Amino acid sequence: MWRSVHEFEIRNLGFNTVLLFSNEANALKIMAQQPWSFDKYLIVLYKPTDSAFVEDAKFDHACFWIQIHN
């Protein structure tokens with residue numbers, strides 16, 4: 001889905017959370033092209049800072065697009 005030319009690794013952390021390892025360029029590209037969805041479910045991405053941990057992720061907000069007609 002992300003058309004990555006580099007390898008990446010995914011680990012299941014449970015509770016509908018996965019850890020994605022990739023190179024920095026791929027990570028920045030994937031984050032910039034949000035929002036993402038799969039099978040009609042919104043995928044929320046979190047990139048921890050150098051001083052944060054994955055467990056610090058709150059997942060309390062998400063970007064998404066809407067389309068309004070008329």
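Computed from a predicted model, the values in this text were never measured in an experiment.
- Residue L45 comes nearest to I30 through the heavy atom pair CD1-CG2, 3.7 Å, listed as atom of the first residue, atom of the second, then distance.
- Atom CD of Q34 sits about 10.0 Å away from atom CH2 of W65, to the nearest 0.5 Å.
- Taking hydrophobic clusters as Ile, Leu, Val, Met, Phe, Trp and Tyr residues chained together by side-chain heavy-atom distances below 4.5 Å, Y41 does not share a cluster with I43.
- Summarising the hydrophobic clusters (Ile, Leu, Val, Met, Phe, Trp, Tyr; side-chain heavy atoms under 4.5 Å, direct or chained), the residues clustered with F59 are L42, V44, Y46.
- Taking a 6.0 Å sphere around CG of D60, one finds it holds more than 12 heavy atoms contributed by other residues, nucleotides or ligands.
- When all heavy atoms of I10 and V18 are compared, the pair lying nearest together is CG2-CB, 3.9 Å.
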